[in-house]
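Following: one structure in structure tokens, then a few remarks.
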Amino acid sequence: SIALYTDTFEDKEKVSELLKEYNAGAEEGKRIVYTDYVAMMISSVTTIVNVISYVLIAFVAVSLVVSSIMIGIITYISVLERTKEIGILRALGASKKDVGRVFTAESFIIGLAAGILGIAVSALLTLPINAVIHRLTDNAGVNAVLPAAGAVVLVGVSTALSLLAGFIPSRVA
């Protein structure tokens, strides 16, 4: 057996390509059989990271469903507790659609506030998280970052989910 070691990943890739090219043109008995341990480790780590990501996505999905149900329940309870206010609005000439819009607006505000609060907490938590990462790895180049575009999308998702959750209770109003 022969062990080949390279100084960089680029050199490792070159050696792998050369071996593949040689094997493509070589006869069956003269092919070089090799094992790329680094590629195997990277593949294993990638698989583990993907599995962890899927598990976290599942937890987030369950959390979103539960929070949407809770927003719907809160809006429904708000409708039940504010029957006098609804009656006064109707007596003043508000249509059923107008009353529904009041509760839809309430759901919108809840979702927007929750999204902005979540982004603010996440942005604040990146400071101690980065300090811990820098201390553990002794590498200031590795940082947890909350991209602005992602933050805007998350606030939009929060708002949309709360509007969806408050849709049925606002129609009941």
Side-chain angles (χ1 to χ4, degrees), residues 1-20 33-82 101-170:
S1 82
I2 298 173
L4 300 175
Y5 300 97
T6 60
D7 292 331
T8 64
F9 283 109
E10 291 81 20
D11 292 341
K12 180 193 85 62
E13 291 300 321
K14 288 179 188 174
V15 170
S16 293
E17 288 299 319
L18 289 172
L19 288 172
K20 287 178 187 174
V33 179
Y34 66 97
T35 304
D36 188 351
Y37 291 108
V38 173
M40 286 178 15
M41 285 190 325
I42 290 174
S43 174
S44 296
V45 169
T46 302
T47 302
I48 291 169
V49 168
N50 286 340
V51 167
I52 291 171
S53 296
Y54 295 142
V55 168
L56 290 175
I57 288 170
F59 281 133
V60 168
V62 168
S63 171
L64 287 174
V65 168
V66 169
S67 66
S68 295
I69 291 170
M70 291 306 297
I71 290 171
I73 290 171
I74 288 170
T75 306
Y76 183 71
I77 291 172
S78 178
V79 168
L80 293 178
E81 293 293 323
R82 294 163 64 184
R101 285 184 188 139
V102 168
F103 292 100
T104 301
E106 186 177 296
S107 294
F108 174 82
I109 292 169
I110 289 172
L112 186 65
I116 290 172
L117 181 65
I119 295 301
V121 169
S122 297
L124 287 175
L125 285 177
T126 58
L127 300 173
I129 289 171
N130 282 332
V132 170
I133 289 172
H134 295 163
R135 189 169 204 175
L136 292 175
T137 63
D138 293 327
N139 185 355
V142 178
N143 287 314
V145 178
L146 179 63
V152 170
V153 168
L154 290 172
V155 170
V157 167
S158 171
T159 304
L161 282 174
S162 68
L163 278 173
L164 185 66
F167 180 74
I168 294 173
S170 69

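Residues: numbered from 1 along the sequence shown.
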Within this structure, what is the [atom1]-[atom2] distance for the pair [X] and [Y], rounded to the nearest 0.5 Å?
| X | Y | atom1 | atom2 | value |
| --- | --- | --- | --- | --- |
| Leu163 | Ser170 | CG | OG | 9.0 Å |
| Asn143 | Ile129 | CG | CD1 | 11.5 Å |
| Ile119 | Leu146 | CD1 | CG | 5.0 Å |
| Ile57 | Leu64 | CD1 | CG | 11.5 Å |

Taking C-beta and beyond as the side chain, do [X] and [Y] meet within less than 4.5 Å on heavy atoms?
| X | Y | result |
| --- | --- | --- |
| Asp36 | Ser16 | yes |
| Lys20 | Tyr34 | yes |
| Phe108 | Thr159 | yes |
| Val102 | Arg82 | yes |

Closest heavy-atom pair and its distance - Gly141, Asn139: N-OD1, 2.9 Å
For the residue pair Gly115 and Ser158, what are the closest heavy atoms and their distance? N-OG, 3.4 Å
Surrounding CD1 of Ile168 (heavy atoms of other residues, nucleotides or ligands, distance under 6.0 Å), is the total greater than 12?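 Count not over threshold, so no.
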Using the rule side chain to side chain contact (heavy atoms under 4.5 Å, CB included), only one of Val79, Ile73, Ile74, Thr75 pairs with Ile77; which is it? Ile73
Backbone N or O of Ser107 within a donor-acceptor pair of the Ser162 side chain at under 3.5 Å?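 Yes: the side chain of Ser162 pairs with the backbone of Ser107.
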